[in-house]
Chemist: 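Before we start, here is the structure in question, set down as structure tokens.
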There are 2 protein chains.
Amino acid sequence: MQRDAGRTRKRILEAATEEFAALGIAGARVNRIAEEAGCNKAMLYAYYGNKDQLFDAVFTAYVDAYLEEVGFDADDLPSYAGRVFDYFEEHPGHLRLATWYRLERPQGARLEAVLAVNADRLAALERAQADGVIPADFSPVELLSLIQSIATSWSTMNPEYGSAVPADRAHRRRTVVDAVERLLTSRDAGA
Amino acid sequence: MQRDAGRTRKRILEAATEEFAALGIAGARVNRIAEEAGCNKAMLYAYYGNKDQLFDAVFTAYVDAYLEEVGFDADDLPSYAGRVFDYFEEHPGHLRLATWYRLERPQGARLEAVLAVNADRLAALERAQADGVIPADFSPVELLSLIQSIATSWSTMNPEYGSAVPADRAHRRRTVVDAVERLLTSRDAGA
DNA sequence: GTCTACCAACCAACTGGTCAGTTGATTTCT
DNA sequence: AGAAATCAACTGACCAGTTGGTTGGTAGAC
């Protein structure tokens with residue numbers, strides 16, 4: 001058993017990601033994380049401060065990975081929605097993480113990285129609309145909001161639907177991309 | 001101070017609704033609920049069994065109120081979406097409750113009431129499509145999933161958007177209804 | 001090469017406080 | 001008198017965070 005601070009840090013972060021994704025901040029147990037990571041609880045406090053800061057580290061790591069992998073393309077929003085869908089299909093825990101964050105984090109503390117990315121995206125959408133590349137029926141923030149919701153709609157459904165939800169991932173993906181395409185189809189001004 | 005079992009039950013349920021909506025099952029504190037309800041913790045156990053069953057009572061009461069108030073109309077989905085939007089604008093805690101339920105409840109235990117309502121709605125949509133009242137581009141379950149997501153999209157956004165989200169409730173509502181209308185506009189079969 | 005002093009990595013065991021749930025007695029109404 | 005409603009005080013388990021000490025790698029003296 002070699003000693004390796006970097007490896008231990010990583011193992012803690014992985015174990016914490018799993019625990020927080022499953023149970024949230026209030027439900028997570030520091031003891032369990034340490035046990036799962038195969039190290040002593042004290043290491044966790046040495047490396048990450050406390051439970052809350054550990055959640056921060058987990059959440060920031062997820063956001064970085066998400067932004068890197070999904071990217072953004074104001075000119076092709078349907079395929080952006082498809083990539084969002086793909087990401088959360090492959091990392092269902094990350095969507096839970098994002099939801100816990102929204103529910104359990106006090107209103108004050110926002111993530112700089114996300115704020116900056118959002119501003120960028122809103123600006124890019126505005127430009128694309130000014131250039132006529134995408135229709136301007138919805139404002140940039142409306143578009144982002146709707147697309148995000150649609151892309152994750154299957155994962156955020158109440159569990160009671162259960163068997164009615166199609167098991168075929170490709171089929172569910174097509175639904176998402178299709179719906180976003182419809183949002184972007186210009187309609188006549190008349191009621 | 002009169003004694004009144006019914007009133008005490010109700011006060012506990014109200015206090016519990018607030019506490020669970022704010023903090024979820026793991027984060028809620030039984031002591032706080034009793035204090036807020038202005039009664040002893042033992043009453044809570046006498047009337048509702050334990051913490052989990054108390055959450056069940058809270059959640060069931062919310063579902064009943066929701067189903068009653070929102071209703072469903074397969075022939076006019078945009079206005080259904082508008083009513084869903086309205087409901088959660090007026091009871092933001094209830095959307096949080098639904099989210100906690102999805103995150104914290106073990107997969108096994110579903111609510112009969114919701115299962116039955118879902119089945120009804122799927123059947124109603126199927127009929128409406130067969131009658132040609134609404135387009136059949138999306139299947140019933142796809143429609144329900146998309147509409148639910150769109151109606152709650154503003155409330156489920158990451159908090160980092162903050163000031164970019166329009167404060168005007170009527171405006172946000174129009175976005176929702178508009179988006180659902182677009183889903184229902186038939187398109188040509190060609191790619 | 002190997003000895004040694006040093007420090008980072010690591011941990012078992014503890015602490016103080018908090019939590020869900022219980023008990024046995026008291027009050028109030030009929 | 002008796003039943004239902006109420007509660008102060010208790011219990012045992014658990015939990016986040018700490019402490020004081022041990023272990024293992026390694027840099028430099030010789």
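Hydrogens, waters and symmetry mates are skipped; everything else that's a heavy atom, side chains included, is used. Naming convention: chains lettered A, B, ... in sequence-line order (proteins, then strands); numbering from 1 in each chain.
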Chemist: Starting from P on dA20(C), measure out to NZ on K51(B) and report it in whole angstrom.
Modeler: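 That distance rounds to 4 Å.
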
Chemist: Tell me which of K41(B) and G6(B) sits closer to the 5' end of DNA chain D, going by the nucleotide each one is nearest to.
Modeler: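 This one resolves to G6(B).
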
Chemist: Taking only residues two or more places apart in sequence, or in another chain, which ones meet T175(A) in a side-chain hydrogen bond (donor to acceptor under 3.5 Å, both in side chains)?
Modeler: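 T175(A) satisfies side-chain hydrogen bond (donor to acceptor under 3.5 Å, both in side chains) with E142(B) once adjacent residues are dropped.
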
Chemist: Taking only residues two or more places apart in sequence, or in another chain, which ones meet L184(A) in a side-chain contact (heavy atoms from CB on, under 4.5 Å)?
Modeler: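 Partners of L184(A) under the side-chain contact (heavy atoms from CB on, under 4.5 Å) test: L77(A), P78(A), P135(A), L143(A), V180(A).
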
Chemist: Look at all strands and tell whether A5(B) reaches a base, only sugar-phosphate, or nothing, counting heavy atoms closer than 4.0 Å.
Modeler: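 Here A5(B) touches the backbone only, sparing every base.
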
Chemist: Between atom CG in D52(A) and atom C1' in dC15(D), what is the gap in whole Å?
Modeler: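 After rounding, the reported distance stands at 14 Å.
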
Chemist: Find the distance N31(A):CG to dC14(C):P and express it as a whole number of Å.
Modeler: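 Rounded to the whole Å, the gap is 15 Å.
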
Chemist: Would you mind telling me which of T156(A), V176(A), T152(A) makes a side-chain contact (heavy atoms from CB on, under 4.5 Å) with S149(B)?
Modeler: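 Filter result, single survivor: T156(A).
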
Chemist: Between the base of dT18(C) and the side chain of R29(B), is there a donor and acceptor pair under 3.5 angstrom?
Modeler: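 Side chain to base: no pair present.
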
Chemist: Is there a side-chain polar atom (N or O) of Y45(A) under 4.0 Å from OP1 or OP2 of dT19(D)?
Modeler: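 Indeed not, no polar side-chain atom of Y45(A) lies that close.
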
Chemist: Does any donor-acceptor pair link the side chain of D4(B) with the base of dA5(D) at a separation under 3.5 Å?
Modeler: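 There is none.
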
Chemist: When you measure from the centre of the six-membered ring of F72(B), is the NZ or CZ of R83(B) closer than 6.0 Å and no more than 45° off the axis?
Modeler: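 Output no; distance or angle outside limits.
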
Chemist: Compare the minimum distances between each of dC7(D), dG21(C), dC11(C) and the side chain of C39(A), then state the nucleotide with the smallest one.
Modeler: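 Looking only at heavy atoms from C-beta outward on C39(A), the closest nucleotide is dC11(C).
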
Chemist: Answer yes or no: does a side-chain N or O of T8(B) lie under 4.0 Å from OP1 or OP2 of dT6(D)?
Modeler: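 Result: yes.
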
Chemist: Report the distance from atom CZ of R11(B) to atom C1' of dT6(D), rounded to the nearest whole Å.
Modeler: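 Spelled out: CZ on R11(B) to C1' on dT6(D) is 14 Å.
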
Chemist: Starting at atom CG of N40(A), determine the distance to atom P of dC15(D), rounded to an integer number of angstrom.
Modeler: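 That distance rounds to 16 Å.
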
Chemist: Please pick, from dC7(D), dA16(D), dT19(D), the nucleotide with the shortest atom-to-atom distance to any side-chain atom of A42(A).
Modeler: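 Output: dT19(D).
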
Chemist: Regarding A34(A), tell me which of base, sugar-phosphate or nothing describes its non-hydrogen contacts under 4.0 Å with the strands shown.
Modeler: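 Contact class for A34(A): none.
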
Chemist: In whole Å, what is the span from the CD atom of E35(A) to the C1' atom of dA16(D)?
Modeler: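 The answer, rounded to whole Å, is 16 Å.
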
Chemist: Could you give the CE-to-C1' distance, from M43(B) to dT6(D), as a whole number of Å?
Modeler: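 Going from M43(B) (CE) to dT6(D) (C1'), I get 5 Å.
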
Chemist: Using the ring of each side chain (for Trp, its six-membered ring), is H94(A) parallel, tilted or perpendicular to H91(A), with breaks at 30° and 60°?
Modeler: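 Parallel: the ring planes of H94(A) and H91(A) meet at under 30°.
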
Chemist: Which is true for A28(B) with a 4.0 Å heavy-atom rule: it touches a base, it touches only sugar-phosphate, or it touches nothing?
Modeler: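 Here A28(B) touches the backbone only, sparing every base.
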
Chemist: Specify the separation, in whole Å, of atom CD1 of I25(A) and atom C1' of dC15(D).
Modeler: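 Whole-Å distance recorded here is 16 Å.
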
